[in-house]
Amino acid sequence: MATGSLSSVPKRLRMVEDFSCTCCLEQNLTESADIYCEQCLRFYCKKCVILHSQLFTKHMTCGREDFKKWPVSKAVEDFLRKCEVHADESLTQFCHDHGQLCCSACVGTIHSQCSKVTPINELTNTQPTYLQGLSVELETVLGEIKNLQISQEASVKSLQGTYKEHGALMIEQMRGNLNTNIDECGNSSVGTSGGNEQYLKEEMCRSVVSIMNEFDNITAKELNEMKAEVISIKGSVTSSIHKCTSLHNDLSQFYEIVQKIGDHKQLCLIASIKCKHIIQQALTLLGKSGKAFNVQSNTEHNVRIPSDSDECCISGICVLPDGQALVVDWKNQNVKLLNQQYQVVSHWDVNARPVVICLITPSEVAVAVNDHVSKIHEVQFITVNQGKLVPGRKFQLQHECRGIEHHQGDLFVISSEELYKYTLNGKQVCSLYRSFEYEVDKCAVSPTGDRLYITSPEQNKLLTLARDGTLLATYTDPAIGGTRGLHVTPAGQVLVCGYLSYTVRQVGWEGESKLATLATGLDGVEYPESVCYSSTTSSIIVGQWDSNTILVFRVE
């Protein structure tokens, strides 16, 4: 972390307990200080302060209840001044190019080419610290991190419940099939005797064996798939919980530091800079990064394959953690796997029009398909295995699907007028939002799962909802010409495609304002239908309607 490890600092810095009685130390004894004398600049335990009070009746002392007047402890000062790169060095400089504190060794190596590096003592009168504001911000972020941790722990329990529920459902279906078979055989045996009865018994046995084999071959495979999903998602959530715990501990310690060092200029400045770094880390984890992307370059890549009968229409994009990407080709009814160079290495044909795709685990995705004529509306799971696409289980929907997104075991599925929440086994949990006036199109979820985003193309709107479906914010821009493609990055940056305006825009995580126009028709954008961010390559990938190419924009 940017703030370094705090393991060397006593529990929660224990700022008062860090001080020992000065008189006792002079006698090679260690007693915790209870009083600090501002005139003597010495600490006293309960025993030694008696003599001090007799000798210096007019000295003003500060007890534990007024510890803000105590000087900063050596443990706190050593921690703040310690360089995280060179453990034996103290922080003495500030690099303006990187916005980082550094020691003399850092200046000679890491920051040797930087244009402006200033000694910390020269900044103390010009660089504002705003410790009071930082204290409030730290307290706010602390609460949000704690709430996120509680939410993630609840997700783990919910995941386990989903797997058990799915297993029970599979067993119940098998039991139903067996009972139906037995009833049918029982009805058929009425009025029969001899050879016919023996034949029916044998037939019943064959049917039971067939049902059991189907359970072993199909149902057990589904259960194993879901078990693997649950294990993978649980591992990801657990890792996130550990990050929350670590950040919460660091934030707590800095919150205590900020309360203590209000009048020490250099330490105030150091603490202020370190606090801003750790708060930024926390905001990124919370999906509240306000950083606008800056496009560096762009390239074009052909995704048409020989078996395609029509021009490509890339309606959905998903990027795996290893940098491979999957694109959904609506017109040619297939899903294509692209390597890190965006070349098609595998594809899989679907039985209906594939619309959107979302990541479930690092190697598995869910694809939503529709066919209004045959009334096929389903979610198909696909695993990427050694450069190949392998279809897995699927479940049916009772409505069309225009958008799908996943977060820690919850699937958010949107039709033309309603947003639903499903479990991984296809159980509809609830309806979260319904639009009666205008159609809605795509959906996305924030990294923490506390905000949901919906596009409304006819209204040129982006709607931001709370987890329970409450409308939080509305972003409207008539010039966007239809809000279509939608994606939220791991840091919470919201990307929206302007279908008719040939643009890709970044909207603030609050869903209230535009931060930047990242790409336009001048960059080759034409009818953008889908968008996705790759953390591996720091790139924004754009899929287009009636185009055999995808656009890749390198950003920072």
Side-chain angles (χ1 to χ4, degrees), residues 299-319 324-339 342-359 365-382 384 388-389 391 394 397 399-405 413-416 439-444 455 457-458 481-487 495-504 519 521 524-532 540-552:
T299 53
E300 193 173 322
H301 304 269
N302 195 308
V303 293
R304 185 182 174 93
I305 57 177
S307 60
D308 286 343
S309 59
D310 210 332
E311 197 163 21
C312 299
C313 287
I314 306 304
S315 58
I317 305 173
C318 180
V319 178
Q324 293 185 97
L326 291 101
V327 297
V328 168
D329 189 339
W330 185 86
K331 271 194 177 180
N332 293 299
Q333 292 192 197
N334 58 36
V335 179
K336 299 168 181 175
L337 175 65
L338 314 181
N339 61 17
Y342 305 104
Q343 300 166 328
V344 181
V345 294
S346 179
H347 77 280
W348 178 68
D349 295 322
V350 294
N351 62 339
R353 299 283 190 188
V355 185
V356 283
I357 187 170
C358 70
L359 192 68
V365 298
V367 180
V369 302
N370 296 302
D371 189 320
H372 296 289
V373 176
S374 58
K375 299 197 182 299
I376 295 176
H377 306 295
E378 63 186 31
V379 175
Q380 171 75 63
F381 292 82
I382 305 174
V384 179
K388 300 292 182 182
L389 298 180
K394 58 185 176 181
L397 300 170
H399 54 81
E400 72 166 327
C401 177
R402 291 194 174 187
I404 186 170
E405 194 60 84
V413 179
I414 193 168
S415 67
S416 60
E439 288 189 351
V440 287
D441 194 53
K442 297 294 189 294
C443 66
T455 58
E458 292 180 50
T483 48
R484 294 292 286 271
L486 176 65
H487 177 69
L495 306 177
V496 183
C497 292
Y499 185 73
L500 297 177
S501 63
Y502 297 178
T503 59
V504 178
V525 178
E526 188 171 325
Y527 299 116
E529 179 71 18
S530 54
V531 62
C532 190
I540 293 173
I541 307 168
V542 179
Q544 304 175 104
W545 195 257
D546 279 339
S547 174
N548 293 326
T549 61
I550 59 170
L551 301 174
V552 179

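What you see is a predicted model; the values in this text were computed from it and never measured.
- Scanning both residues, P391 and Q380, for their nearest heavy atoms gives CB-NE2, 4.0 Å.
- Residues T503 and V525 fail the side-chain proximity criterion, which asks for heavy atoms closer than 4.5 Å.
- At distances below 3.5 Å, not a single donor-acceptor pair connects side-chain atoms of D371 with backbone N or O atoms of K375.
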Self-check item: K442/H487 under side-chain contact (heavy atoms from CB on, under 4.5 Å): CA gap, chis, key distance, verdict
Solution: CA-CA 9 Å; K442 297 294 189 294; H487 177 69; over 6 Å; no
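- The two residues P528 and C497 come nearest to each other via the heavy atoms O-CB, 3.7 Å.
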Self-check item: V413 vs H399, side-chain contact (heavy atoms from CB on, under 4.5 Å): CA-CA, chis, key distance, verdict
Solution: CA-CA 10 Å; V413 179; H399 54 81; 3.8 Å; yes
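- Here the CG atom belonging to N370 is positioned 6.0 Å from the SG atom belonging to C401, to the nearest 0.5 angstrom.
- For the residue pair D308 and V303, the shortest heavy atom distance occurs at OD2-O, 4.2 Å.
- Relative ring orientation between Y527 and Y502 is described as perpendicular, the plane-to-plane angle rising above 60° on a 0-90° scale split at 30° and 60°.
- Here the closest non-hydrogen pair linking V531 and G485 is CG1-C, 4.0 Å.
- One distance of note links CH2 of W545 with CH2 of W330; it measures 4.5 Å at 0.5 Å rounding.
- For the pair V384 and Q324, the minimum side-chain heavy-atom distance is below 4.5 Å.
- Residues Q333 and N351 share a closest heavy-atom pair of NE2-C, 4.0 Å.
- Expressed to the nearest 0.5 Å, how far CG of N339 lies from OG of S346 amounts to 11.5 Å.
- Side-chain contact check for I540 versus V552: every heavy-atom pair is 4.5 Å or farther apart.
- Closest heavy-atom contact between R304 and C312: CA-SG, 3.8 Å.
- When only modelled atom types and interatomic distance are considered, N334 and H347 share no side-chain donor-acceptor pair under 3.5 Å.
- Between V365 and F381, the closest side-chain pair of non-hydrogen atoms is not below 4.5 Å.
- Annotation: side chain of I414 is in contact with side chain of V440 (closest heavy-atom distance under 4.5 Å).
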Quiz item: Between E439 and E458, does a side-chain contact (heavy atoms from CB on, under 4.5 Å) hold up when you go through it step by step?
Solution: CA-CA 7 Å; E439 288 189 351; E458 292 180 50; 3.6 Å; yes
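- Shown are L389, V319, L338, V367; of these, the side chain to side chain contact (heavy atoms under 4.5 Å, CB included) with L326 is made only by L389.
- Checked against side chain to side chain contact (heavy atoms under 4.5 Å, CB included), K331 has the following partners two or more places apart in sequence or in another chain: D310, C313, D329, R353, D546.
- For the pair Q544 (side chain) and E526 (backbone), a donor-acceptor distance under 3.5 Å is present.
- A donor-acceptor pair under 3.5 Å is absent between the side-chain atoms of T549 and the main chain of E300, judged by distance alone.
- For E400, the salt bridge (charged side-chain N to carboxylate O under 4.0 Å, His left out) partners are R402, not counting sequence neighbours.
- I357 CD1 to S530 OG: the interatomic distance, rounded to the nearest 0.5 Å, is 10.5 Å.
- Inter-residue side-chain proximity for I317 and I314 is flagged as met; some heavy-atom pair is nearer than 4.5 Å.
- The SG atom of C318 sits 8.5 Å away from atom CD of E405, with the distance rounded to the nearest 0.5 Å.
- Taking CD1 from I382 and NZ from K388, the interatomic distance works out to 14.5 Å, rounded to the nearest 0.5 Å.
- Side chain of T455 to backbone of P457: no donor-acceptor contact under 3.5 angstrom is found.
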